[in-house]
Asker: 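For reference, the structure I am asking about is given below.
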2 protein chains.
Amino acid sequence: MNSNRDTKIHGNQKRKTVEQRRQDILEAGLKIFAKKGYNGSTTAEIARAAGVAEGTIFRHFPTKKDLLIAVLEPKVLEGLIQLDKEHVGDTPTEFFRCFLWNRLGLIKENDALIRLMFAEAQYHSEVREALFKGVLGQGISIIRPWFEKGVERGDFKDLPFLPTMRSFMGMVMFYGLFGHVMLGLSPERTMDEAAGNILDLFLHGLAR
Amino acid sequence: MNSNRDTKIHGNQKRKTVEQRRQDILEAGLKIFAKKGYNGSTTAEIARAAGVAEGTIFRHFPTKKDLLIAVLEPKVLEGLIQLDKEHVGDTPTEFFRCFLWNRLGLIKENDALIRLMFAEAQYHSEVREALFKGVLGQGISIIRPWFEKGVERGDFKDLPFLPTMRSFMGMVMFYGLFGHVMLGLSPERTMDEAAGNILDLFLHGLAR
DNA sequence: AATTTTAATGAGTGATTACTCACTTATAGA
DNA sequence: TCTATAAGTGAGTAATCACTCATTAAAATT
């Protein structure tokens with residue numbers, strides 16, 4: 001009756017929803033994978049972190065690799081959709097400011113996930129494809145019309161799109177991605193400040 | 001007499017130098033580690049690729065991890081020293097052109113190594129430190145005086161050094177590092193062209 | 001309440017792993 | 001040439017791993 005959702009009462013033991021358990025496992029998977037990498041993580045440890053038996057993992061995900069994919073895929077698209085709904089600015093320059101802000105926020109919140117994705121993309125073609133289509137590819141297809149509009153309006157120079165974007169992506173990715181590798185190297189106090197620095201350089205360059 | 005180097009003759013069997021064997025193992029280690037990551041590689045496979053018995057690896061390197069470190073460390077510094085000896089330009093702008101060219105070359109030649117280093121830096125603090133001190137840290141200390149000179153001469157704006165460098169590094173790193181992730185996304189035909197694009201953007205920005 | 005269906009469990013399994021060590025082989029020195 | 005030493009070998013080992021499956025427990029259905 002009140003059945004398939006919520007699943008409680010009756011016995012003195014209650015049980016989490018299937019979906020809740022799945023989420024627990026995904027969350028634990030992300031945590032452990034991010035900390036130790038795919039091959040460095042064991043299903044036993046993930047199970048422990050999720051508070052389930054090891055066998056339970058394999059009831060939800062056929063293999064360890066399927067778990068990895070499941071951990072990465074949905075998150076990849078999450079942030080992109082976000083951008084569509086947000087205010088995105090009216091001018092191309094304004095768009096870049098919004099986009100940059102949005103990405104820096106995403107990177108800061110999901111840095112473990114993103115580093116994991118870049119690391120594992122080297123070894124698993126499925127991850128590589130998800131990364132490409134989801135993050136980089138989509139990012140580029142969102143930017144492109146604004147870039148072209150900027151060139152048409154005379155706001156931007158007529159630089160080659162893809163190389164310019166690769167550099168832009170590099171600036172953005174490097175911000176959060178390797179912040180922990182660079183240690184205390186980035187003295188900005190706020191994300192605003194960081195975004196300002198990046199955007200200023202991207203738009204106007206270093207030369208006087 | 002002619003002894004300790006070259007080590008041949010006498011028996012009908014000759015043997016490689018200790019140093020040669022070491023190099024074989026290091027080379028094979030790089031190849032396999034780069035392809036499969038540290039935890040995804042087995043010492044058996046590395047031994048096979050090096051043409052030695054598995055036990056031989058452990059005669060040269062106490063543990064698998066020591067092999068990883070040995071693979072990464074020397075290469076890290078190699079390219080930096082290179083720069084000191086090369087012509088580096090007279091003006092700050094010229095210096096950046098040379099530095100960029102040098103780095104792009106290094107990245108293109110050692111992309112497997114560099115990707116491996118960034119991937120493993122997340123999981124091994126020794127690698128992280130080597131990466132930081134060797135590549136990023138040194139790179140920054142080479143650049144700094146030129147950057148400051150450029151600001152003094154009025155060639156450059158007075159932008160904050162570290163955030164600007166982080167962006168620059170990002171542009172450079174992203175070039176080769178994720179070329180294979182970005183697939184055919186970067187349509188430059190030559191490294192010259194790529195360097196030109198990056199430098200142009202870095203110096204003058206996108207805005208008109 | 002009784003029964004069926006679905007979910008969770010964790011000890012067990014075969015495969016794989018980094019590393020060892022007793023032994024062989026080549027080289028250096030006499 | 002003969003011997004002592006250094007280098008190389010690979011079968012063996014204990015540990016670990018992803019994954020299975022017979023058993024138990026809860027939820028849904030009757």
Asker: Take atom NZ of B:K64 and atom P of D:dT16, then tell me their distance rounded to the nearest Å.
Answerer: 15 Å
Asker: Taking only N and O in the side chain of A:H60, is any of them less than 4.0 Å away from OP1 or OP2 of C:dA8?
Answerer: yes
Asker: Before accepting this row, confirm whether a basic side-chain N of the pair B:K36/B:E45 lies closer than 4.0 Å to the acidic partner's carboxylate O.
Answerer: yes
Asker: I want to verify a distance call: between D:dT9, D:dA22, D:dA18, whose nearest atom is closest to the B:V52 side chain?
Answerer: D:dT9
Asker: Do A:E148 and A:R144 sit within salt-bridge range, that is, some charged N less than 4.0 Å from a carboxylate O?
Answerer: yes
Asker: Rounded to whole Å, please give me the gap between NZ in B:K65 and C1' in C:dT17.
Answerer: 17 Å
Asker: The side chain of A:R59 lies closest to which of these nucleotides: D:dA22, C:dA18, C:dA22?
Answerer: D:dA22
Asker: Using ring centroids (six-membered ring only for Trp), state whether A:F168 and A:F96 fall under 6.0 Å.
Answerer: yes
Asker: Could you tell me how far apart A:D24 (CG) and C:dA7 (P) are, to the nearest whole angstrom?
Answerer: 16 Å
Asker: Atom NZ of A:K36 to atom C1' of D:dT16: distance rounded to whole Å?
Answerer: 13 Å
Asker: Report which part of the nucleic acid A:T56 touches: base, sugar-phosphate, or nothing (heavy-atom distance under 4.0 Å, all strands).
Answerer: base
Asker: Send over the distance from B:R48 CZ to C:dT16 C1', rounded to a whole Å.
Answerer: 13 Å
Asker: Looking only at side-chain atoms of B:F58, point me to the closest of C:dA7, C:dC19, D:dT20.
Answerer: C:dC19
Asker: Specify the separation, in whole Å, of atom CD of B:E54 and atom P of C:dA18.
Answerer: 7 Å
Asker: Mapping A:A44 and B:I57 onto DNA chain D by nearest heavy atom, which one lands closer to the 5' end?
Answerer: B:I57
Asker: Atom CD of B:Q20 and atom P of D:dA6: how far apart are they, to the nearest Å?
Answerer: 20 Å
Asker: Looking only at side-chain atoms of A:R21, point me to the closest of C:dA8, D:dT9, D:dA18.
Answerer: C:dA8
Asker: How about A:F95 and A:F147: are their ring centroids closer than 6.0 Å?
Answerer: no
Asker: By nearest atom, which of the nucleotides D:dC19, C:dC19, C:dA7 is closest to the A:T63 side chain?
Answerer: D:dC19
Asker: In this structure, how many angstroms lie between the C1' atom of D:dG8 and the CZ atom of B:F61, rounded?
Answerer: 15 Å
Asker: B:Y38 ring centre to B:K65 NZ or CZ under 6.0 Å, with the angle to the axis within 45°?
Answerer: no
Asker: Which nucleotide, D:dA18, C:dC19, D:dT9, lies nearest any side-chain atom of A:T43?
Answerer: D:dA18
